[in-house]
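Right, one structure below, let's go through it.
All chains are named by letter (A, B, ...) in the order of the sequence lines, taking the proteins before the strands, and each is independently numbered beginning at 1.
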2 protein chains.
Amino acid sequence: MTEQARKRDAVATRQAFLDAAAKLFAERGFDRTTVRDIAKLAGVNQALLFRYFGSKEALFEEVIARSGREQLATTPPERLFSTSLRSMLEPGGRRNRALETYLRSSGSDGAAAAIRQEVGREYAGVLATLTDAPDAELRADLALAWLMGIALVREVTGKEPLAGADPDDICRLVLTAIKTLLERSE
Amino acid sequence: MTEQARKRDAVATRQAFLDAAAKLFAERGFDRTTVRDIAKLAGVNQALLFRYFGSKEALFEEVIARSGREQLATTPPERLFSTSLRSMLEPGGRRNRALETYLRSSGSDGAAAAIRQEVGREYAGVLATLTDAPDAELRADLALAWLMGIALVREVTGKEPLAGADPDDICRLVLTAIKTLLERSE
DNA sequence: CCAGGTTGTAAGCAGCTGCTTACAACGCTA
DNA sequence: TAGCGTTGTAAGCAGCTGCTTACAACCTGG
């Protein structure tokens, strides 16, 4: 009985747009995702996208801002790096798409770029608290950059052996190397 | 007198296409570069692009295959990582755009994806010779991924402080950390 | 029960995209 | 110099893009 039951439900429609857009932006990037694709996946008329969000770019901003801060808010700093790395490496399921969306969005200018930078800054800000080195923020950026690079090579270019490697092996190698970047002096 | 002198020169026209396309693909990525943009920058009629290369995708393949192997052929293995890192970090000039083109191309499917993977494999193959660890190729992929991530964060998202950091500082931090990944056991 | 705002739908618009076609200008070779 | 293949040009096509508009269906408050 629940099927087709929530027609004419603005909140549900909005959410359907956000969910569909999050999935497609993460998989294909901004440019290769059309508003018709989003609407179709959401099961909603595409004209409503513009009523609810104003533009494709504005919808993208909501998606990236939301997904980026979700993981950030639910993970303690000292585990942020390994948790983010893990969630990237785990296949399928309802995993967090923040990094994929972030890197797939490269090139979109305007307001979305500002949001992207802000989310990145928050990530790096948290990572920077893990070391007391004077260039803590630069080290944090480099750690973040490695995460992005691994996501890029695995998910986007699909290069072997990285793409098919055991998550445990990757974590071990990366965490060992990253330790010299992000550790307290005592 | 040399101006307007080489009209009706198929070789020069082809080269003009390749140069213009290399620049624009590296800067904007595949999707956001139009064939009209390329032709305009090359100073050539856009219909000729299809006569010489067949399609936009085929032109892209030539660009990425050429630029990727250029640096590879002129750099000794033990310096490939630091040289690539350096050339990414140095501003302006006629620097090698291989990595930018590579990462900007994310998402383009088909034959271009195969070329991308092949170039990446050649890079990683060289890096893998630097260590005698059993998982040398995975380590090489991870090193390559870090390069890509740094390029991404600096050039595409422009995040500070990484984007504006001193190349020497970045090299020092990265090379120190990467040493544990790519070093001989004795 | 009905006016008026909210939600959903269908159609279309203008601009851009990759690509094609028809044709003119050129220069080599016989 | 006449013929012919090569190079360059202008125009246009069909499809897709983000976005808008006009309108119907619905629910709610008076």
Side-chain angles (χ1 to χ4, degrees), chain A residues 2-21 24-25 27-64 104-105 107-113, chain B residues 1-22 24-25 27-64 104-105 107-113:
Chain A
T2 52
E3 72 178 24
Q4 206 68 317
R6 53 169 157 72
K7 257 189 167 184
R8 216 176 166 71
D9 183 341
V11 176
T13 300
R14 237 189 103 90
Q15 192 60 40
F17 270 127
L18 285 170
D19 291 342
L24 294 179
F25 283 146
E27 285 175 4
R28 312 182 190 174
F30 183 81
D31 288 335
R32 304 208 156 191
T33 302
T34 72
V35 295
R36 285 172 177 82
D37 289 339
I38 298 171
K40 187 177 179 184
L41 180 60
V44 177
N45 188 290
Q46 58 98 13
L48 291 179
L49 190 155
F50 298 93
R51 180 127 75 202
Y52 286 123
F53 300 94
S55 71
K56 181 190 176 187
E57 182 113 346
L59 168 60
F60 178 74
E61 289 169 34
E62 279 209 34
V63 167
I64 203 171
R104 290 276 192 189
S105 70
S108 22
D109 343 75
Chain B
M1 283 294 182
T2 54
E3 70 177 26
Q4 207 67 320
R6 54 167 155 74
K7 257 189 168 184
R8 215 173 167 72
D9 182 341
V11 176
T13 300
R14 236 189 104 90
Q15 192 60 40
F17 270 127
L18 285 170
D19 291 342
L24 293 180
F25 284 146
E27 285 176 2
R28 312 181 191 173
F30 183 80
D31 289 335
R32 303 209 158 191
T33 301
T34 72
V35 296
R36 286 170 176 84
D37 289 339
I38 297 170
K40 187 178 179 185
L41 180 61
V44 177
N45 189 290
Q46 58 99 14
L48 291 180
L49 189 154
F50 299 93
R51 181 128 73 202
Y52 286 123
F53 300 94
S55 70
K56 180 190 176 188
E57 181 112 345
L59 168 60
F60 178 74
E61 288 169 35
E62 280 210 32
V63 167
I64 204 171
R104 290 279 193 186
S105 71
S108 20
D109 342 74

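Rounded to the nearest 0.5 angstrom, A:Ile38 CD1 and A:Phe17 CZ are separated by 8.0 Å. Between atom CG of residue B:Asp19 and atom CG of residue B:Leu41 there is a gap of 9.0 Å, rounded to the nearest 0.5 Å.
Judged by distance alone, the side chain of B:Thr33 and the main-chain N or O of B:Leu24 form a donor-acceptor pair under 3.5 Å. Here the side chain of B:Lys56 pairs a donor or acceptor atom with the backbone of B:Phe30 at under 3.5 angstrom.
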What N/O pairs connect the protein and nucleotides 25-28 of chain D at under 3.5 Å? Give each pair on its own line.
unit_1 : atom_1 : unit_2 : atom_2 : d
D:dC26 : O2     : A:Arg8 : NH2    : 2.6

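Screening residues 38-53 of chain B for side chain to side chain donor-acceptor pair (under 3.5 Å) gives no qualifying pairs among residues at least two apart or on separate chains.
Neither OP1 nor OP2 of C:dT7 sits under 4.0 Å from any side-chain N or O of A:Thr13. Contact annotation: B:Tyr52 side-chain N/O to D:dG8 OP1/OP2 distance is under 4.0 Å.
With sequence neighbours excluded, the residues that form a side-chain hydrogen bond (donor to acceptor under 3.5 Å, both in side chains) with A:Thr34 are A:Asp37.
Residue A:Phe53 is out of contact with every strand shown, counting any heavy-atom pair closer than 4.0 Å.
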Just do the side chain to side chain contact (heavy atoms under 4.5 Å, CB included) check on B:Leu18 and B:Leu59 with the steps written out, would you?
CA-CA 7 Å; B:Leu18 285 170; B:Leu59 168 60; 3.9 Å; yes
Do nucleotides 16-23 of chain D as a string where each nucleotide becomes B, S or -: B if the base has a protein heavy atom under 4.0 Å, S if just the sugar-phosphate does, - if no protein is that close.
-BBBBB--
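Using a 4.0 Å cut-off between a side-chain N of Lys or Arg and a carboxylate O of Asp or Glu, A:Glu62 and A:Arg14 qualify as a salt bridge.
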